[in-house]
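Take a look at the structure set out below.
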Amino acid sequence: MIVRLGYVAMSTVVENASPSRTMTYTTFSKLADREAAILKLERIAEENLHNTLRLLRHNRAHDIHLYRFSSKLIPLIGHEDLEREGWDPFPRLEPAFRAIGEYVVEHDMRVSFHPDHFTVLSTPRDEVLRHSIADLDRHVRMFEAMGLDERAKCNIHVGGAYGDKEAAAKRFIANFERLDPRIKERLTLENDDKTFTVAETLDVCERIGVPMVLDLHHHAVNSGGMELDQPLWERIAYTWVGQRVPPKIHMSSPKSEKDPRGHADDVRAEDLLAFLRSIRLFTPELDVMLEAKRKDGALFRLMDELKEASGIRVRDAATVELI
DNA sequence: ACAGGTCAAGTCGTA
DNA sequence: TACGACTTGACCTGT
């Protein structure tokens, strides 16, 4: 089994390369010259995109094929007031987006977004649903501006339960079915750490034909008593059939016993290896997104540990093979 | 230059 | 019904 590692949104190794610089709306609205203020926002966005490209170059130098973009690339996008004014930063940002997309394609990278937990398709509230769809649309638009095909995914959670998980799941499915196909084909669903377990998320995935991203850490703190055994993993892996990318999982280690849901600085090799060994016979390829506090720093450290582990062959600086 | 407070979102538990 | 906790990196204010 070939296992590729990746990380999320920012580097703890490359300095001054934040892809998430922003401006608060308070600061923005205090600027007297509206045109200059808008220009400032777009400058920040360009800088974020430029830093994203820098991170991709850094990734390439370290054989990292897997990366999740920051969702904060364009400051204040989606803000009500700017929306009302008809602000559209995309035309100006198009060259920067295209440069990222070309680099991704040229070096055969796998990239994703993770719209944050305010994107809730299970919501009973029309307004929240509207905002959620608009947010998904903006993320998809960024992929489109990059010129990336549907292998570039937006990963989200099922959402809240509102006291009736069954009803919430049904609402998610109904709302999903009404989405624009260009959004539908970009979605993946991940089990969360409080509400929708692996089994419940997988059930939704199977019903709507969407691939599932398994989060091992979330499963550890919200398993619903279900053991993550071979048959369950096979069902998860099966949701990826026909996707032209291998299954992807998320991995992090608990911060402490007191805060088991928190993310630790690093990922313990043993936590990952135990799972990999349990599935290696059924999975030729697997992508593992690390969600550790130390980001790429944690990836490098994990690779150092994996080098020492038995039954592991190192293929490159961010890829191992289980033998 | 740094510390500590604030910001933004939606859900959920507690009062 | 109202409000604080949750979460996160970055902003912002004051020293």
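By convention in this document, chain letters (A, B, ...) are assigned in the order of the sequence lines, proteins followed by strands, and residues within each chain are numbered from 1.
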Next on the checklist: Does either side chain, that of T188(A) or that of N155(A), offer a donor lying less than 3.5 Å from an acceptor on the other one?
Outcome noted: yes

Item to check | side-chain N/O K295(A) vs dG9(C) OP1/OP2, d < 4.0 Å | outcome: yes

What protein N or O atoms touch nucleotides 11-15 of chain B N or O atoms at under 3.5 angstrom, if any, and at what distances?
{"unit_1": "dT11(B)", "atom_1": "OP1", "unit_2": "T123(A)", "atom_2": "OG1", "d": "3.2"}
{"unit_1": "dT11(B)", "atom_1": "OP1", "unit_2": "Y162(A)", "atom_2": "OH", "d": "2.2"}
{"unit_1": "dT11(B)", "atom_1": "OP2", "unit_2": "R125(A)", "atom_2": "NH1", "d": "3.3"}
{"unit_1": "dC12(B)", "atom_1": "OP1", "unit_2": "A161(A)", "atom_2": "N", "d": "2.7"}
{"unit_1": "dC12(B)", "atom_1": "OP2", "unit_2": "Y162(A)", "atom_2": "N", "d": "3.3"}

Item to check | Rounded distance in Å - CG (L76(A)) to P (dC7(B)) | outcome: 14 Å

Next on the checklist: Can you tell me how the ring of F275(A) sits relative to the ring of W233(A), calling it parallel under 30°, perpendicular over 60° and tilted otherwise?
Outcome noted: perpendicular

Next on the checklist: Can you measure D215(A) atom CG to dT7(C) atom C1' for me and round it to whole angstrom units?
Outcome noted: 15 Å

Item to check | Atom-to-atom span, CG of D116(A) to P of dT8(C) - whole angstrom | outcome: 12 Å

Checklist entry - Does NZ or CZ of K184(A) lie under 6.0 Å from the centre of the six-membered ring of F176(A), at an angle within 45° of the ring axis? => result yes

Item to check | Residues touching DNA chain B, which here means a heavy atom under 4.0 Å, drawn from residues 44-57 of chain A | outcome: none

Checklist entry - Reckon R21(A) has a side-chain N or O less than 4.0 Å from the OP1 or OP2 of dC11(C)? => result yes

Checklist entry - H131(A) NE2 to dG10(B) P: how many Å, rounded? => result 7 Å

Checklist entry - Are side-chain N/O atoms of W240(A) and E285(A) paired as donor and acceptor at under 3.5 Å? => result no

Next on the checklist: Checking side-chain polar atoms at under 3.5 Å, does S71(A) have a donor or acceptor matched by the opposite partner on H139(A)?
Outcome noted: yes

Checklist entry - Judged by modelled atom types alone, do H65(A) and R110(A) share a side-chain donor-acceptor pair under 3.5 Å? => result no

Next on the checklist: Using whole Å, what does the distance between atom P of nucleotide dT8(C) and atom NZ of K72(A) come to?
Outcome noted: 10 Å

Item to check | d(CG, D126(A); P, dG10(B)) in whole Å | outcome: 14 Å

Checklist entry - R261(A) side chain: which of dC11(C), dG10(B), dT7(C) is closest? => result dT7(C)

Next on the checklist: Under a 3.5 Å threshold, yes or no: a donor from one side chain and an acceptor from the other, between H219(A) and D193(A)?
Outcome noted: no

Checklist outcome for this item: note: M23(A), atom CE; dT6(B), atom C1'; distance rounded to Å ~ 17 Å

Item to check | Identified side-chain contact (heavy atoms from CB on, under 4.5 Å) partner of F97(A) from the options M146(A), E144(A), E102(A) | outcome: M146(A)

Item to check | Among dA8(B), dC11(C), dT8(C), the one nearest K293(A) by side-chain distance | outcome: dT8(C)

Item to check | Length of the NE2-C1' vector between H217(A) and dT7(C), whole Å | outcome: 13 Å

Next on the checklist: I'd like to know if the side chain of T197(A) pairs up with that of N191(A) as donor and acceptor (distance under 3.5 Å, no hydrogens or angles considered).
Outcome noted: no

Item to check | First encountered from the 5' end of DNA chain C, between M10(A) and K30(A) | outcome: M10(A)

Checklist entry - Touch check for S18(A), heavy atoms < 4.0 angstrom, all strands: base, sugar-phosphate only, or nothing? => result sugar-phosphate

